[in-house]
**Student:** 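Here it is, the structure in full.
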Amino acid sequence: MPDLVRTSKFLSLILRHKPERIGLTLDANGWADVDDLIRLANQHGFPLTLSLLERVVAENDKRRFTLSDDGRRIRANQGHSLKVDLQLSPSPPPHLLYHGTASRFLESIRAEGLRAGRRQHVHLSADIATARQVGQRHGKPVVLVVHAARMAAAGHRFYLSANGVWLTERVPVEFIEFP
Ligand code: HQG
């Protein structure tokens, strides 16, 4: 696996799910100190350098991570299972958004709508192609249409992550259009 991909996967694990794996702590907003991260990663056998980290932030296909303006802190833009407050402001969503899932989940989604599961939010895409790629990770992809503007009118909040993923707490079944 190329270094950048391996580093991106490592950073996703540490900055979204398990910082304790290397003895790191994140602040309430999900930020980690860059020097601590590099030192602890190396202590735990992952060869991380500042230049590798900066390349992952700049070149990552989904722009998964952000460095603070002073370059001293880093966090994941979305996808956390840890309870962190990304301090995103609610944004009015487009009329329609899309959710990529796998066919084997459909029966359960029809019964209970879309749930965040172990993550903090349900992830929605602005375009069908992206949603299809997300669904493909889980099996035979299916793209669901989410009536986002109607949901917002009914009081549901939407957030746009720094890397363009739409987030909401849950999607009740009446707002989902199944293929
Ligand atoms: C499904 C990637 C049964 C849901 C992507 C999904 C995304 C249900 C799976 C980000 C359900 C959760 C997140 C219900 C939802 N019953 N299954 N009621 N409600 N599901 O991985 O959206 O590469 O936690 O459809 O680009 O697939 O990591 O979420 O299939 O933005 O940066 O439960 O991960 O980004 O799977 O993906 P996940 P996701 P990264």
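Counting convention: from 1, in listed order, for ligands and their atoms alike. Both backbone and side-chain heavy atoms feed into the values below; hydrogens, waters and symmetry mates do not. What you see is a predicted model, and the numbers here were worked out from it, not measured in a lab. Heads up: numbering here begins at 1 and tracks the sequence.
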**Student:** If hydrogens are left out, which of Arg64, Arg119, Arg63 has an atom nearest to atom 24 (O) of ligand 1, that is, the closest non-hydrogen atom?
**Tutor:**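 Looking at heavy atoms only, the winner is Arg119.
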
**Student:** Could you list the atoms of ligand 1 found under 4.0 angstrom from a heavy atom of Leu114?
**Tutor:**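 Answer for ligand 1: 15 (C), 19 (N).
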
**Student:** Working to the nearest 0.5 Å, report the span between CG of Leu48 and CZ of Arg6.
**Tutor:**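 Going from CG on Leu48 over to CZ on Arg6, the span is 10.0 Å.
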
**Student:** Which residue from Arg137, Arg170, His123 reaches closest to atom 2 (C) of ligand 1 through any of its heavy atoms?
**Tutor:**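 The nearest heavy atom belongs to Arg137.
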
**Student:** Distance under 4.0 Å to a non-hydrogen atom of Arg16: what atoms of ligand 1 satisfy this?
**Tutor:**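 Those qualifying, in numeric order: 28 (O), 32 (O), 40 (P).
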
**Student:** Got a donor-acceptor contact below 3.5 angstrom from the Ser8 side chain to the Leu4 backbone?
**Tutor:**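 No, the answer is negative, given that no donor and acceptor are paired below the 3.5 Å cut-off.
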
**Student:** Say whether, by atom type as modelled, one donor and one acceptor occur between the side chain of Arg119 and the main chain of Gly79 under 3.5 angstrom.
**Tutor:**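 Yes, because the side chain of Arg119 sits within donor-acceptor range (under 3.5 Å) of the backbone of Gly79.
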
**Student:** Tell me whether ligand 1 is touched by Gly113 - counting only heavy atoms on the residue side and a distance under 4.0 Å.
**Tutor:**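 The answer is yes: ligand 1 sits under 4.0 Å from a heavy atom of Gly113.
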
**Student:** Contact between Gln133 and ligand 1, counting heavy atoms under 4.0 Å?
**Tutor:**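 For ligand 1, residue contact (heavy atoms, under 4.0 Å) with Gln133 is absent.
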
**Student:** Using modelled atom types only, decide if a donor and an acceptor are shared between the side chain of His123 and the backbone of His99 within a distance under 3.5 Å.
**Tutor:**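 Flag not set: sc His123 to bb His99 has no pair under 3.5 Å.
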
**Student:** Do you see a donor-acceptor pair shorter than 3.5 Å between the side chains of Glu177 and His147?
**Tutor:**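 Note: Glu177 and His147 side chains meet the donor-acceptor criterion.
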
**Student:** Look at ligand 1 and say whether Arg118 reaches it with a heavy atom at a distance under 4.0 Å.
**Tutor:**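 Heavy atoms of Arg118 never come under 4.0 Å of ligand 1.
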
**Student:** Give the residue, atom name and distance (to 0.1 Å) of the protein heavy atom nearest atom 27 (O) of ligand 1.
**Tutor:**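 Of every protein heavy atom, His138 NE2, 2.6 Å lies nearest to atom 27 (O) of ligand 1.
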
**Student:** Return the option from Asp61, Ile109, Val173 holding the heavy atom at the smallest distance from atom 20 (N) of ligand 1.
**Tutor:**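 Looking at heavy atoms only, the winner is Ile109.
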
**Student:** Give the atom numbers and elements of ligand 1 that come within less than 4.0 Å of a heavy atom of Glu112.
**Tutor:**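 Once the distances to Glu112 are compared, the set is 14 (C), 16 (N), 18 (N).
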
**Student:** Which ligand 1 atoms are under 4.0 Å away from a heavy-atom of Val134?
**Tutor:**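 Numbered from 1, ligand 1 contributes 5 (C), 22 (O), 26 (O), 27 (O), 37 (O), 39 (P).
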
**Student:** Look at the side chain of Asn163 and the backbone N and O of Phe65, then say whether any donor-acceptor pair between them is shorter than 3.5 Å.
**Tutor:**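 Side chain of Asn163 to backbone of Phe65: no pair is present.
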
**Student:** Calculate, to the nearest 0.5 Å, the distance between atoms CG and CZ belonging to Leu167 and Arg157 respectively.
**Tutor:**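 Reported to 0.5 Å precision, the distance equals 14.0 Å.
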
**Student:** Would you confirm whether Asn77, through its side chain, and Arg63, through its main-chain N or O, come within 3.5 Å as a donor-acceptor pair?
**Tutor:**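 Yes; judged by distance alone, with no hydrogens or angles, the pair exists.
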
